[in-house]
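Sequence lines set the chain letters: A, B, ... in the order given, protein chains first and strands last, and positions in each chain run from 1.
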Protein chains: 2
Amino acid sequence: MSPRVSKEHLKQRRADIMEAATSVFIEHGYEHTTMKHVMEAANVSRGGLYQYFANKEDLFEAILEEGINQEAEESDFSLEESASQYWTLLMKLMFGEDGSPDANMDPLAPSKLEFFITGRNNERRRTYGEKRYEMGVSIYAEIIKSGQESGEFSARYDSELLAKSIITFVDGLALDHAILPEEKVSVKEQSELFVDYLKMALDVSSSS
Amino acid sequence: MSPRVSKEHLKQRRADIMEAATSVFIEHGYEHTTMKHVMEAANVSRGGLYQYFANKEDLFEAILEEGINQEAEESDFSLEESASQYWTLLMKLMFGEDGSPDANMDPLAPSKLEFFITGRNNERRRTYGEKRYEMGVSIYAEIIKSGQESGEFSARYDSELLAKSIITFVDGLALDHAILPEEKVSVKEQSELFVDYLKMALDVSSSS
DNA sequence: TATTATATCGACATTGGTGTCGTTTTGCAA
DNA sequence: TTGCAAAACGACACCAATGTCGATATAATA
């Protein structure tokens, strides 16, 4: 009755594998990475790898969840505490900490798209995708709604619909950028234009 | 020196295979369809199939090209002849013949997304994707620019950037709709909202 | 009708990836 | 130290898909 190694070590090993796997997924994409790729990148044997993850899907989902956790703690949000400035909050949510449009995209985004698109006929995967979508929509919608109720935003448009439009924009940009270089897509310029649009739709005139 | 069958027949057979293949791609998606699926759907033997198409990629590209041809001849455009009404033209281009937002999406769209995303590390495929993107952008940009020059549209925003934004929207919508049912995505409502936005950006007040 | 070019067929060898399982190694506790 | 539970290993059997190739069937010609 003695585990070979401490739980610490196990957690660490698992984390290491996930990190190595992440870079593999970034390089090859979801569909084209194989467990062998991961084995090599993580310096782990076949059997060793399968001890931690049942298969590629399991591994990728673990990485996805990990990502959610990280985001959650990074932006453990000033939340509604930073009151009144819902616009700033919205911008931070869209573009990260500095809150202004840039050309930085999540390097894992293309793999995520693959994962959900190619898995759209898989019940489990689709359900999971829906959950994430709803989650994303509700986060944006909540902020917008709060802003509208506080009077900071115009209530001309439905908050939920605006939230979905934001997601559509983000997804569309991620998709195009997954295939094309950012200059061709004009990521930054498109983002700025979209922000302009949001300002109109929400009647915000902030110049920051 | 006599072919076994007429060229007519060969064309026809090829077309039949492509049609059958299309429905297979729609059902299973690009990555998950196999040549065997196509063989069965098209009632053709392995050897027979490979006589017409070297592999799955070749087959899918043929379908893509076919699609472009069809679109081109469908909308062999009143073009700049239907002059002055660039807005109508724009709407037709986005939403098809009736020119108003609906929830109809190209059923092959999800497979197309797969094809380009999963092939983003393939030189040939990426180049092809870029060509199609540029093509799409230039079509929209041209109409917008014409409208701006004719005075029908405001020239406040760069036509190229607006064109890219349209593509981003369309792609984003296709992506989300590939995974989620259209009610969840609110395809029609989002489209209407986007059209509103375009009206603002182009200073169009048409109520049609 | 006989001939022949070739369209079509389907069996096959090959490939590449998966998940398992018996063996070996190793860190911790006694 | 020593014993052991389980972590790590890697060979292996399996499977699904691919592209090829020699054999066969058949439509046009002569």
Problem set entry | Between D:dA11 (P) and A:Met39 (CE): distance, integer Å | 10 Å

Exercise. Between A:His9 and D:dA8, is there a side-chain N or O to OP1/OP2 distance below 4.0 Å?
Worked result: yes

Problem set entry | Among C:dG10, C:dC9, C:dG19, the one nearest A:Tyr50 by side-chain distance | C:dG19

For this session: Using only heavy-atom distances, determine whether the side chains of A:Glu114 and B:Thr118 contain a donor-acceptor pair under 3.5 Å.
Result: no

For this session: Nearest whole angstrom, please: distance from the P of C:dT8 to the CZ of B:Arg14.
Result: 13 Å

Problem set entry | Member of A:Arg124, A:Arg125, A:Lys112, A:Lys56 meeting the salt bridge (charged side-chain N to carboxylate O under 4.0 Å, His left out) criterion with A:Glu61 | A:Arg124

Problem set entry | Heavy-atom check, side chain of A:Asn121 versus side chain of B:Glu27, under 4.5 Å | no

For this session: Specify the separation, in whole Å, of atom CE of A:Met35 and atom C1' of D:dG10.
Result: 15 Å

For this session: Figure out the CD/P separation between B:Glu40 and C:dC9, and round it to whole Å.
Result: 13 Å

Problem set entry | A:Ser45, nearest nucleotide to its side chain (from C:dG19, D:dT18, D:dG10) | D:dG10

Exercise. Rounded to the nearest Å, what distance is computed from the CZ atom of residue A:Arg13 to the C1' atom of nucleotide C:dT25?
Worked result: 13 Å

For this session: Describe the nucleic acid contact of B:Tyr52 in one word from base, sugar-phosphate, nothing, applying a heavy-atom distance below 4.0 Å.
Result: sugar-phosphate

Exercise. When the distance from CD of A:Gln12 to C1' of D:dA7 is rounded to whole Å, what number comes out?
Worked result: 16 Å

For this session: Measure from the side chain of A:Leu10, starting at C-beta and using heavy atoms only, and say which of D:dT20, D:dA11, D:dA7 lies closest.
Result: D:dA7

Exercise. Between atom NZ in A:Lys36 and atom P in C:dT15, what is the gap in whole Å?
Worked result: 13 Å

Exercise. Would the A:Phe169 and B:Phe169 ring centres measure less than 6.0 Å apart?
Worked result: no

For this session: Choose from D:dA17, D:dA8, C:dC9 the nucleotide whose nearest atom is closest to any side-chain atom of A:Gln51.
Result: D:dA8

Exercise. For the pair made of CD in B:Glu8 and P in D:dA27, what is the distance, rounded to whole Å?
Worked result: 17 Å

Exercise. Does a side-chain N or O from B:Arg46 land closer than 4.0 Å to OP1 or OP2 of C:dC12, or not?
Worked result: no

Exercise. For B:Thr33 and B:Val24, which heavy atoms make the closest approach, and how far apart are they?
Worked result: CG2-O, 3.6 Å

